[in-house]
Every structure is written in structure tokens, then in C-alpha cells.
**Student:** 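First the structure, then my questions, so here it is.
Naming: A, B, ... by sequence-line order, numbering from 1 per chain.
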2 protein chains.
Amino acid sequence: MSSEVKPPRADARRNREALLVAAADVFAEHGVGASLEEVARRAGVGVGTLYRHFEQRDALVEAVYRRELERVVDAVPELLDGRVGMAALRAWSERFLGYVAAKRGMGEALRAIMDCAPELRSTVLPRLEQAVEELVAHGIEDGSIRTDARADDVLRAMIGVFHLPQADGWEAQARRILDLLLDGLEPR
Amino acid sequence: MSSEVKPPRADARRNREALLVAAADVFAEHGVGASLEEVARRAGVGVGTLYRHFEQRDALVEAVYRRELERVVDAVPELLDGRVGMAALRAWSERFLGYVAAKRGMGEALRAIMDCAPELRSTVLPRLEQAVEELVAHGIEDGSIRTDARADDVLRAMIGVFHLPQADGWEAQARRILDLLLDGLEPR
DNA sequence: TGCAAAGCGGAGGCAACCTCCGTATCTTGT
DNA sequence: ACAAGATACGGAGGTTGCCTCCGCTTTGCA
């Protein structure tokens with residue numbers, strides 16, 4: 001009846017960790033579409049092991065970027081402190097942008113995570129949704145955000161922008177577009 | 001000195017056309033990442049022929065969606081007629097959205113076109129940029145759009161939104177996001 | 001009608017995907 | 001400390017898609 005989940009074997013845990021580290025490297029180097037055999041090789045592990053731990057590519061992608069994204073999510077309360085909702089959302093989006101710009105592959109990763117089948121979908125996307133939801137709700141309450149604003153729209157818009165090809169000047173352009181979007185969220 | 005380009009042979013033209021038709025089908029069915037051998041097969045043509053006509057995938061993608069996109073571009077003057085810039089831009093984005101929603105694969109295609117190396121880049125992207133530029137310029141002139149608005153930002157934002165995974169409710173959500181964006185373009 | 005030139009096709013080499021199962025490594029109970 | 005079962009590993013191999021290369025066909029021109 002209680003929690004019937006045995007802890008995984010020691011070698012399994014080790015390999016899983018090695019795979020995550022290797023994948024982070026390889027994704028940073030060749031993007032999220034990189035060869036999984038390369039990942040396995042660099043982790044010093046057989047492909048079979050990779051596929052056992054992460055049944056699909058998306059599962060690996062998600063696991064690799066999960067920690068970073070959690071940090072973005074966790075920043076919400078701090079940013080909300082002493083700020084009006086809109087200002088907090090602006091600060092948050094700026095921080096999010098910084099993460100995406102810093103961690104190569106994260107833009108693609110976000111898109112990939114959104115794409116994958118709902119039943120396999122990670123826990124990360126809901127947490128992001130929840131983060132935006134909180135920010136938007138505050139803004140609506142204190143009157144700094146339009147009452148008809150929808151958190152899911154805002155998050156998707158951000159992801160759309162983050163996933164644009166990161167050519168030269170990407171970060172500045174993304175910032176401008178985000179500003180446009182946020183301006184659109186202010187009450188008329 | 002004059003135009004040294006001979007017209008292509010008849011069979012070449014035939015095959016090119018067959019490839020475009022087949023590719024349109026296959027892309028609509030399996031997305032822009034579909035198998036090119038499948039495209040060749042369905043066109044009743046060898047792969048070699050496909051690669052001779054379209055050296056890279058992006059070239060084929062672009063050719064397939066070019067006509068549709070040209071229609072979007074060509075709508076600009078008509079939409080500008082008797083409308084203020086902002087209104088024309090709204091109407092244009094709505095029309096663009098309609099095209100993307102109707103033609104499966106077009107969202108992906110836009111992204112793919114943006115991605116490909118500049119020197120190989122199609123003539124379509126510049127034409128789209130020019131279209132938005134015209135709309136935005138009018139809007140700035142007649143005071144319906146912020147003076148600091150940048151056409152390239154607007155286009156990229158749109159493409160970002162169009163490329164989001166087209167799940168249920170995509171069109172409505174894309175419309176809301178675009179509205180947000182356009183609201184952000186109105187003078188403060 | 002004949003002959004370059006232009007174009008065709010698909011075999012073949014390569015890379016990545018993913019599965020499967022014989023073998024190795026851990027854990028637990030004694 | 002050891003044995004036995006459970007758990008996990010590895011990588012060969014079947015499959016598919018990419019792209020190139022070159023002997024053969026078709027076309028257009030004289």
C-alpha cells in the first residue's frame with residue numbers, strides 16, 4: 001500500500017548522472033538535436049543504457065534543463081517582493097531571457113518540451129505556467145496588468161520568442177519584443 | 001553581356017513542378033522535416049533529381065511555400081487602402097495568421113527559412129520584411145503606431161508565435177498573443 | 001537525323017535511431 | 001562472507017534517411 005518504489009541501483013544512478021552531464025555538454029555544443037550516440041559515448045555508457053534511462057529524446061532534454069528552469073521558477077517570490085505585478089513580471093522575463101541567452105540550447109529545449117506528447121510531458125512546463133500565473137494574478141489584482149490577460153498566452157509568447165534562431169543581436173531583439181508584449185499587457 | 005541564362009529543358013521543368021507538388025503533400029502530412037526520399041518517390045523521380053533541383057532542404061521548403069507567402073505580401077496595398085497604419089497591420093496579421101492556420105507546415109516553414117544560412121536565404125524573407133516595414137512606416141507617419149517601433153521585431157515576433165506547436169486551440173491563442181503584441185505597438 | 005549538352009536515376013557509403021538479449025553487477029537474506 | 005535473484009549494462013545489428021557520384025537517357029539544335 002505504501003510507497004512501493006525501491007531505490008535504483010548504484011550503477012544506475014551513476015550512469016544517469018553521467019548521461020545528464022554528457023548531454024548538457026553535447027547539447028550546448030550541437031544543439032538539442034545532437035546525436036544521442038554521441039551523448040552515450042561521451043558518458044562512457046552504451047546506447048542501450050541511455051535509452052533505458054530516457055525513453056525519448058525529450059525526456060533527456062527535459063531532465064538536462066530542468067534544474068535551470070526550476071531556478072527561474074523559484075525566483076518568482078523574490079521578484080514579487082515590494083513590486084507591483086507588472087514590474088515583477090518584467091523583472092522575471094528579463095531574468096528568464098538571461099538564462100536562455102546564457103545556456104545554449106535552452107531556447108530549443110523549451111520548444112521541444114512543449115512539443116512532446118502531453119502524457120509524457122514533464123513537470124517543468126506546468127511549473128512555468130504556474131509561475132507566470134502567479135505574476136499575472138498579482139498584476140491583475142493591483143491593477144498593473146489588464147484584467148483580461150492570460151498567463152498561458154504570456155508564457156507561450158515568451159517561448160516563441162526564445163526559440164527564434166539565436167543569430168547576432170538576438171538577445172537585444174528578444175528584449176525589445178518582450179517589452180512590446182509587456183507593454184501590451186498594461187491596462188489601456 | 002546580356003542574359004546568359006538558357007531556359008531549362010522541358011523534362012527538368014516537369015520534374016521540378018512534380019517535386020513541388022509532391023513536397024507540398026508530404027510536408028502537409030509529416031511536417032517540414034519529412035523524408036526527402038519520400039518526396040522524390042511520390043513525385044515519381046529519383047532522389048538525385050530532387051537534390052539537383054534543390055540543393056538543400058530549405059530551398060525546397062522555401063519554394064513550396066513561396067507562392068502562398070507572396071500572396072500575403074501582395075495583400076499589403078489593398079489593406080492599407082483607406083485604413084490607418086495600425087488597422088492595416090492588424091488586418092494583415094489576421095490574414096497572415098489565417099494562411100498559417102490553413103496551410104499545414106507553414107509555421108515550421110517560416111522558422112526553417114529564417115534559420116538557413118544568409119547567403120542561401122530565399123527572397124521571401126526580405127519581401128516579408130519589406131511588407132511589415134511598409135505597414136509600420138505608415139502607422140508611424142499617421143500616428144497610430146509608436147515611433148520607436150521596428151518592423152523586423154514585429155515580423156520576428158509573429159514568426160515566433162506562428163511556429164509554436166499547433167495544438168488544439170492554437171489559432172485562438174495565436175490571435176490573442178498577436179493582439180497583445182499589436183496593443184503594445186500603439187502609442188502610449 | 002545525328003550529336004553534344006543537359007538532365008536523370010538509383011546504387012551505395014555513411015550516420016543516427018532504437019531494440020533485443022546474453023552478460024555483468026548489485027543487493028539482500030542468511 | 002556468500003549465493004542467488006533481481007536489476008542493469010553494452011553494443012551488435014536491423015532500419016531508415018541523407019547525400020553523392022557517374023553511367024545512361026532525353027532533349028534541343030543544326
Side-chain angles (χ1 to χ4, degrees), chain A residues 2-23 25-64 105 108-109 112 115-117 120, chain B residues 2-23 25-64 105 108-109 112 115-117 120:
Chain A
S2 62
S3 84
E4 298 289 350
V5 278
K6 282 190 190 170
R9 247 168 59 171
D11 51 351
R13 232 165 341 157
R14 232 179 312 137
N15 285 331
R16 181 170 225 281
E17 201 52 40
L19 280 167
L20 285 174
V21 171
D25 280 4
V26 175
F27 289 167
E29 222 165 287
H30 301 101
V32 166
S35 158
L36 295 185
E37 312 217 292
E38 168 73 15
V39 171
R41 205 175 311 128
R42 213 177 290 194
V45 139
V47 258
T49 300
L50 190 158
Y51 283 100
R52 200 169 324 99
H53 282 283
F54 304 98
E55 288 206 8
Q56 18 232 303
R57 184 183 218 89
D58 291 336
L60 178 56
V61 170
E62 195 245 78
V64 166
E108 283 175 301
D115 241 345
C116 89
L120 306 163
Chain B
S2 62
S3 83
E4 298 289 350
V5 278
K6 284 188 189 171
R9 249 168 56 173
D11 50 350
R13 234 172 342 180
R14 232 179 313 141
N15 286 331
R16 181 169 226 281
E17 201 51 40
L19 280 166
L20 285 173
V21 171
D25 280 5
V26 174
F27 289 166
E29 222 165 286
H30 301 98
V32 166
S35 159
L36 295 185
E37 312 220 291
E38 168 73 16
V39 171
R41 206 175 309 130
R42 214 179 288 195
V45 138
V47 258
T49 300
L50 189 157
Y51 283 100
R52 199 165 328 98
H53 282 282
F54 304 97
E55 288 206 8
Q56 19 232 304
R57 184 183 217 89
D58 291 335
L60 178 57
V61 169
E62 195 245 77
V64 166
E108 282 176 302
D115 241 343
C116 90
L120 306 162

**Student:** At less than 4.0 Å, is any side-chain N or O atom of B/R9 found next to OP1 or OP2 of D/dT26? Yes or no.
**Tutor:** no

**Student:** Does B/E17 come within less than 4.0 Å of B/R13, counting only side-chain N to carboxylate O?
**Tutor:** no

**Student:** Whole angstroms only, please: what is the CG-P distance between B/L60 and D/dC19?
**Tutor:** 12 Å

**Student:** Is it true that a side-chain atom of B/R57 and a backbone atom of B/V32 form a donor plus acceptor pair closer than 3.5 Å?
**Tutor:** yes

**Student:** In whole angstrom, what separates A/R14's CZ from C/dA24's P?
**Tutor:** 17 Å

**Student:** Between P on D/dG11 and OH on A/Y51, what's the gap in Å once rounded to a whole number?
**Tutor:** 15 Å

**Student:** Please report the interatomic distance CG(A/N15) to CG(A/L20), rounded to the nearest 0.5 Å.
**Tutor:** 11.0 Å

**Student:** Under the side chain to side chain contact (heavy atoms under 4.5 Å, CB included) rule, what do B/D11 and B/R14 come out as? Steps first, then yes or no, please.
**Tutor:** CA-CA 5 Å; B/D11 50 350; B/R14 232 179 313 141; 3.4 Å; yes

**Student:** Hey, is the side chain of A/S35 poking within less than 4.0 Å of OP1 or OP2 on C/dA15, counting only N and O atoms?
**Tutor:** no

**Student:** Determine: side-chain N/O of A/R16 to OP1/OP2 of D/dA8, distance under 4.0 Å, yes or no.
**Tutor:** no

**Student:** Using heavy-atom distances to pick each residue's nearest nucleotide on DNA chain D, tell me which of A/A12 and B/V47 is more 5'.
**Tutor:** A/A12

**Student:** Rounded to whole Å, please give me the gap between CZ in B/R57 and C1' in D/dG17.
**Tutor:** 9 Å

**Student:** What's the CG-P distance between B/D11 and C/dG7, to the nearest Å?
**Tutor:** 8 Å

**Student:** Between A/T49 and D/dG10, does any side-chain N or O lie under 4.0 Å from OP1 or OP2?
**Tutor:** yes

**Student:** Output the rounded distance in Å from NE2 (B/H53) to C1' (C/dA6).
**Tutor:** 11 Å

**Student:** Where each residue is assigned the nucleotide of DNA chain D containing its nearest heavy atom, which of B/R41 and B/R13 is assigned the position nearer the 5′ end?
**Tutor:** B/R41

**Student:** Rounded to the nearest 0.5 Å, how far does CD of A/Q56 lie from CG of A/L36?
**Tutor:** 11.5 Å

**Student:** I'd like to know if A/E37 reaches the base of C/dC18 with its side chain such that a donor and an acceptor end up less than 3.5 angstrom apart.
**Tutor:** yes

**Student:** When the distance from CD of A/E55 to P of C/dC17 is rounded to whole Å, what number comes out?
**Tutor:** 16 Å

**Student:** A/N15 side chain N/O closer than 4.0 Å to the phosphate oxygens (OP1, OP2) of D/dC9?
**Tutor:** yes

**Student:** Closest to the B/R52 side chain: C/dA6, C/dC18, C/dC8?
**Tutor:** C/dC8

**Student:** Give the rounded distance in Å between these two atoms: CD of A/E17 and P of D/dC9.
**Tutor:** 14 Å

